[in-house]
Amino acid sequence: REVEILMFLSAIVMMKNRRAITVEQHVGNIILFSKVANVILFFRLDIRMGLLYLTLCIVFLMTCKPPLYMGPEYIKYFSDKTIDDELDRDSRVTWIVEFFANWSPECQSFASVYADLSLKYNCAGLKFGKVDIGRYGEVSKKYKVSASPLSKQLPSLVLFQGGKEVMRRPQVDKKGRAVSWGFTE
């Protein structure tokens, strides 16, 4: 039975890792599902050991948050009041704006890639910006980016020229669902 549990969880890890961008995400998925396998196996061995291990995992999850990217970047952080003014300020400037949420693991892993892009390509005619739609819900409604935990729209990159949206990744179909698309540099 233990082999069946481990094989099932390894299949889940492989499916989950298809969307992973970085090595850290791959390793994180493996560790997460290893904890799930351990909980199941401990419960099969002794329910008290399973409860103890599950409690330790929950305490660890609640107290140790994943680190946020704090490296060098040329990114302007917008609020609900500043985004429209900044996008409309100079029509010659093209903006690439990332709509993100701090609680989203996809957004956390994409932060370093986006920061590297801002370091390489920032110039007078191309600027990079970010909006935390977890904090500014009105912005997510205005720009039609779903802030739901089940949404596949996070992170969203929107290209603005002259204050108008030109392109968006991932694209959204007519039903409001995100079209599958992977972020790479």
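Values reported hereafter were calculated over all heavy atoms of this structure, with side chains retained and with hydrogens, waters and symmetry mates removed. This is a predicted model, so every value here is computed, not measured.
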If I take atom [atom1] from residue [X] and atom [atom2] from residue [Y], how far apart are they, to the nearest 0.5 angstrom?
X      : Y      : atom1 : atom2 : answer
Ile47  : Leu45  : CD1   : CG    : 11.5 Å
Ile40  : Tyr53  : CD1   : OH    : 11.5 Å
Met62  : Ile58  : CE    : CD1   : 8.5 Å
Ser112 : Glu73  : OG    : CD    : 10.5 Å
Glu106 : Phe100 : CD    : CZ    : 14.0 Å
Phe42  : Leu54  : CZ    : CG    : 11.5 Å

Atom OH of Tyr74 with >12 non-hydrogen neighbours under 6.0 angstrom: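 Atom OH in Tyr74 is not packed in, count stays at 12 or less.
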How about Asn122 and Lys127: do any of their side-chain heavy atoms sit closer than 4.5 Å?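 The answer is yes; the side chains approach within 4.5 Å.
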Which atom of [X] lies closest to which atom of [Y], heavy atoms considered:
X      : Y      : result
Val13  : Ile30  : CG1-CG1, 3.8 Å
Val145 : Ser156 : CG1-OG, 3.9 Å
Leu154 : Ala101 : CD1-CB, 4.0 Å
Ile83  : Asp80  : CG2-O, 4.1 Å
Thr82  : Phe78  : OG1-CA, 3.5 Å
Ser146 : Ile133 : O-CD1, 4.0 Å

Give the C-alpha distance, both sets of side-chain angles, the deciding distance and a yes or no for side chain to side chain contact (heavy atoms under 4.5 Å, CB included) between Val93 and Glu86. CA-CA 10 Å; Val93 174; Glu86 195 65 40; over 6 Å; no
Sidechain N-carboxylate O distance under 4.0 Å for Lys141, Glu138: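 No.
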Can you hop from [X] to [Y] via hydrophobic side chains spaced under 4.5 Å?
X      : Y      : answer
Val27  : Leu61  : no
Leu41  : Leu56  : no
Met167 : Leu126 : yes
Trp95  : Leu119 : no
Val39  : Leu52  : no

Applying salt bridge (Lys or Arg N to Asp or Glu O under 4.0 Å) as the test, list every pair that has at least one member in residues 91-100; sequence neighbours left out.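 Matches after skipping sequence neighbours: Asp90-Arg92, Glu98-Lys130.
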Filter on salt bridge (Lys or Arg N to Asp or Glu O under 4.0 Å), then keep only pairs touching residues 36-52, sequence neighbours left out; what's left?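 The answer is Glu2-Arg44, Asp46-Arg48.
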Check the angle between the aromatic planes of Tyr114 and Phe128 and answer parallel, tilted or perpendicular using the 30° and 60° thresholds.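 Ring orientation, 0 to 90° scale: perpendicular.
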Using side-chain contact (heavy atoms from CB on, under 4.5 Å) as the criterion, list what pairs up with Ile12, not counting sequence neighbours.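 Result, side-chain contact (heavy atoms from CB on, under 4.5 Å) vs Ile12: Phe8, Leu9, Phe33.
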Are Thr94 and Phe160 close enough, and set up right, to give a side chain to side chain contact (heavy atoms under 4.5 Å, CB included), and what steps lead you there? CA-CA 6 Å; Thr94 300; Phe160 292 96; over 6 Å; no
Under 3.5 Å, is there a donor-acceptor pair between the side chain of Gln153 and the main chain of Pro170?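 Side chain of Gln153 to backbone of Pro170: no pair is present.
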Given Phe99 and Leu157, is the side chain to side chain contact (heavy atoms under 4.5 Å, CB included) satisfied, shown in steps? CA-CA 6 Å; Phe99 294 87; Leu157 290 178; over 6 Å; no
